[in-house]
**Q** 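After the structure tokens below, expect a handful of questions from me.
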2 protein chains.
Amino acid sequence: MTPHRTDEAARLASGHVSPARLLASIEALAAFGTRPDHGVDRPALSATDFKARRHLIERAYALGCTVTTDACANLFMRRAGTEDLAPVMTGSHIDTQPTGGRLDGCYGVLAGIECIAALNDAGVSTRRPLEVVAWTNEEGTRFQPGAMGSSAFVDPALLERYGRAADTSGTTLADALDAHRRTFPGLAMRAEQDRAHAFIELHIEQGPQLELANVPLGVVSGIQGVRWYALTCKGVAAHAGTTPMHARHDAMTLAIALGTEIETFATALGREHTRVTFGRWSVTPNSINTIASEVTFTVDFRHPDADVLAAFDHRLAQCAARHRVATESLFSHEPVRFDDALIAHLGDACAAQGGRMLTLTSGAFHDAIYLAKHCPTAMLFVPSRGGISHNPNEATDDDHLVLGTRALAHALAALCNES
Amino acid sequence: MTPHRTDEAARLASGHVSPARLLASIEALAAFGTRPDHGVDRPALSATDFKARRHLIERAYALGCTVTTDACANLFMRRAGTEDLAPVMTGSHIDTQPTGGRLDGCYGVLAGIECIAALNDAGVSTRRPLEVVAWTNEEGTRFQPGAMGSSAFVDPALLERYGRAADTSGTTLADALDAHRRTFPGLAMRAEQDRAHAFIELHIEQGPQLELANVPLGVVSGIQGVRWYALTCKGVAAHAGTTPMHARHDAMTLAIALGTEIETFATALGREHTRVTFGRWSVTPNSINTIASEVTFTVDFRHPDADVLAAFDHRLAQCAARHRVATESLFSHEPVRFDDALIAHLGDACAAQGGRMLTLTSGAFHDAIYLAKHCPTAMLFVPSRGGISHNPNEATDDDHLVLGTRALAHALAALCNES
């Protein structure tokens with residue numbers, strides 16, 4: 001392999017991305033845990049996941065990579081660089097929702113492997129190593145919370161708590177990590193080393209914005225902050241026929257009024273960036289002819305601006321106090337702003353593909369949230385048809401899958417030649 | 001026994017009601033199916049119910065009654081009259097909710113038996129027979145629908161359909177009726193005969209109106225009509241973080257808006273007699289961070305005026321069409337107006353007790369709804385503490401239980417002497 005000028009290396013890597021190989025690799029990985037409805041069900045660290053990992057490891061070896069793991073079973077597939085420099089990382093995850101699709105997470109991992117294959121085919125060597133990562137348990141479906149692998153990579157102290165997390169059958173993450181070690185005894189542990197030079201995660205958008213704008217590539221400038229609350233409205237169960245309206249304490253009437261009020265102030269605070277959802281409801285006794293004694297519902301509010309999130313917290317607390325409703329904070333995460341230089345880099349990589357691109361904020365969480373604490377990080381999106389994700393019908397046009405991978409290859413090759 | 005003037009018979013019957021015997025009989029019946037929380041769980045036609053029935057039958061025999069049954073296992077305990085006239089009927093039911101109290105239904109049956117005992121003790125004979133009935137399966141908890149016994153008494157053709165109703169273990173009502181026949185082979189079938197002369201059902205209010213008005217007796221002028229609807233709001237499941245508000249089809253937002261709109265027009269139509277309840281909710285997929293794809297909720301609307309109920313049907317249909325929401329009618333019953341002469345009779349009986357009384361509409365269903373199609377019918381209420389019913393904490397002050405029974409005895413004695 002010969003050294004190339006950075007722009008030439010980027011152009012060559014991008015040009016050697018093989019659409020057929022990329023699309024075949026997506027089909028091949030989807031075979032592990034495929035569902036009758038064409039979706040995929042591949043719980044983190046399950047037997048199915050282990051088979052999928054073995055498939056990836058064999059591909060990586062065939063491409064000349066070294067493969068390592070770490071204490072949280074993250075899988076690192078590394079193409080060597082010519083100098084002793086920190087690696088450029090890319091990747092995502094391969095665990096899925098129980099009724100998941102073939103692209104969420106998998107696309108980012110397989111596109112990374114395709115970039116290694118393209119660099120090989122192009123005969124391009126890079127100064128820095130290129131490392132493709134499959135992070136463990138991003139979905140948080142089998143073990144809670146999600147993004148265990150990426151967050152424990154950044155903060156290994158988390159692993160002690162994570163190890164005790166159990167799935168519905170009582171198996172703990174620690175048990176599952178043991179099973180992983182027994183299944184892959186030959187995998188070396190990744191050396192503790194300096195921060196990665198950069199992390200780029202390529203992902204399907206899982207929303208409709210690129211499709212609505214008819215744009216094939218999205219550079220992600222950050223990830224919205226989020227607040228999850230459970231609100232519990234108390235009433236008194238009583239007979240729907242015998243209790244006059246003025247004598248009622250109806251938890252459902254209160255919940256409906258609260259829902260309306262919260263949506264109104266959330267929208268006023270968040271304007272066009274508002275995301276507010278009342279997704280989960282529990283009604284007691286949930287009987288046609290009994291006034292509800294208790295209604296608990298969740299509020300999911302997201303916004304890219306930390307000040308707006310704080311204002312929402314304040315308004316929600318006021319509203320709950322006024323109505324004497326108990327609130328429980330279930331989850332909270334501040335907005336993440338990705339690295340400006342990397343965002344510009346990705347813009348250049350998209351421009352080099354000749355495709356139009358949009359800069360947008362991610363509404364979903366990704367492993368990149370945690371990597372952003374570790375090294376310069378950014379994300380690249382391709383459109384999701386109909387905005388559909390976490391669903392067997394999750395789909396992206398082949399052209400978009402290829403274009404995203406070409407932009408990724410362009411950006412990675414350039415970053416791998418940075419000093 | 002000697003014949004008495006009607007007013008004297010009524011006064012004597014009322015005066016011979018024994019508080020101790022009445023209250024002891026309530027305790028004795030509650031022993032069949034008593035719960036650790038002081039409540040009662042006595043499913044219709046269960047082994048527990050059969051034991052309770054045997055207890056009642058033995059009491060009736062001891063009081064000199066004849067006891068008969070019919071095709072729906074209703075239990076008729078008859079004190080003979082001096083003339084060959086249609087009987088005056090009273091009673092209610094002894095099946096309970098799974099977490100029921102000791103009074104709902106049972107009070108009316110036991111008060112009726114106490115009236116027979118009081119007439120015996122007073123040495124009063126009446127022209128008409130007095131028949132105390134325990135109607136089968138009023139609650140509708142084991143077999144649906146409720147009020148099977150009273151409705152099949154009035155319309156025996158219903159029994160063919162009822163016979164196929166199965167409980168959760170697969171036992172049908174027909175099976176349970178067979179078991180009843182095998183358990184009580186000595187019970188004669190009640191002779192088919194003319195309509196009863198009158199039916200009076202004494203019951204706890206199961207609501208707060210008498211207590212709020214601080215009045216011990218209520219004459220029930222009728223039973224509200226009711227509409228039960230299920231409304232199904234359709235949306236599209238999508239990610240709560242990635243989907244802009246303008247691109248959403250959120251079934252829960254729609255359901256909240258509908259709830260608000262329906263409550264507003266229901267209250268405008270029904271004014272002070274409105275009863276509107278959104279009791280049962282089903283949310284799909286019911287996940288914090290997924291926009292609801294489907295929300296089904298029930299509307300229970302009640303009103304004593306048939307025109308208001310019809311107007312509600314019309315407004316609801318308009319509202320559902322405007323929002324493209326599917327409606328399903330789950331149950332509908334027109335208001336029942338009780339017999340004016342009987343209402344006046346009960347007013348006199350209450351006045352004779354010296355207690356204040358209120359005329360009110362029943363918000364709950366009772367066997368009297370069906371009996372009203374068979375003969376002149378009315379109901380008498382005593383207060384429910386805190387309006388609580390269908391609950392182990394269901395309670396009525398002893399004084400009120402006694403006063404209600406005295407008023408019942410007064411009214412029955414008078415009616416039994418009518419020509």
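In what follows, chains are A, B, ... by sequence order, proteins preceding strands, each numbered from 1. For clarity, every value in this text was computed on a predicted model and none was experimentally measured.
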**Q** Determine the option with the most heavy-atom pairs under 4.5 angstrom with chain A, choosing from B:Trp281, B:Phe301, B:Phe331.
**A** B:Trp281

**Q** Can you tell me which portion of B:His246 sits under 4.5 Å from chain A's heavy atoms? Options are side chain, backbone, both or neither.
**A**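 Just the side chain, heavy atoms under 4.5 Å.
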
**Q** Among A:Thr253, A:Asn391, A:Asp250, A:Ile223, which residue has the highest count of heavy-atom pairs closer than 4.5 Å to chain B?
**A**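 The residue among A:Thr253, A:Asn391, A:Asp250, A:Ile223 with the greatest pair count is A:Thr253.
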
**Q** Counting heavy-atom pairs under 4.5 Å to chain B, which of A:Thr361, A:Val276, A:Thr274 comes out on top?
**A**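 Between A:Thr361, A:Val276, A:Thr274, the count favours A:Val276.
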
**Q** If contact means a heavy atom pair closer than 4.5 Å, which residues of residues 230-243 of chain A contact chain B?
**A** A:His239, A:Ala240, A:Gly241, A:Thr242, A:Thr243

**Q** For residues 263-272 of chain A, dump all side-chain donor-acceptor pairs below 3.5 Å to protein atoms at least two apart in sequence or in another chain.
**A**
{"from": "A:Thr264", "atom 1": "OG1", "to": "A:Thr260", "atom 2": "O", "distance (Å)": "2.8"}
{"from": "A:Thr267", "atom 1": "OG1", "to": "A:Glu263", "atom 2": "O", "distance (Å)": "2.7"}

**Q** Measure the shortest side-chain to side-chain distance between B:Met252 and A:Phe297 over non-hydrogen atoms and say whether it is less than 4.5 angstrom.
**A**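 Counting from C-beta outward, B:Met252 and A:Phe297 never come under 4.5 Å.
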
**Q** For B:Leu212, which atoms come within 4.5 Å of any heavy atom of chain A: side chain, backbone, both, or neither?
**A**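 The answer is the side chain of B:Leu212.
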
**Q** Look at B:Ala292, B:Ser362, B:Ser287, B:Ala247 and state which one has the largest set of heavy-atom pairs under 4.5 Å with chain A.
**A** B:Ser287

**Q** Top residue by heavy-atom pair count (under 4.5 Å) with chain B, among A:Gly259, A:Ala364, A:Ser384?
**A** A:Ala364

**Q** So, B:Thr277 versus A:Arg248: side-chain donor-acceptor pair below 3.5 Å or not?
**A** yes

**Q** If I measure from the heavy atoms of chain A, does B:Trp228 come under 4.5 Å with its side chain, its backbone, both, or neither?
**A** side chain

**Q** Measuring heavy-atom distances to chain A, does B:Ile388 have an atom under 4.5 Å in its side chain, in its backbone, in both, or in neither?
**A**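 Looking at B:Ile388, nothing touches chain A.
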
**Q** Chain A heavy atoms under 4.5 Å from B:Leu330: which part of the residue, side chain, backbone, both or neither?
**A**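 Side chain only.
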
**Q** Out of A:Arg302, A:Arg275, A:His390, A:Arg280, which residue meets the side chain to side chain contact (heavy atoms under 4.5 Å, CB included) rule with B:Asn289?
**A** A:Arg302

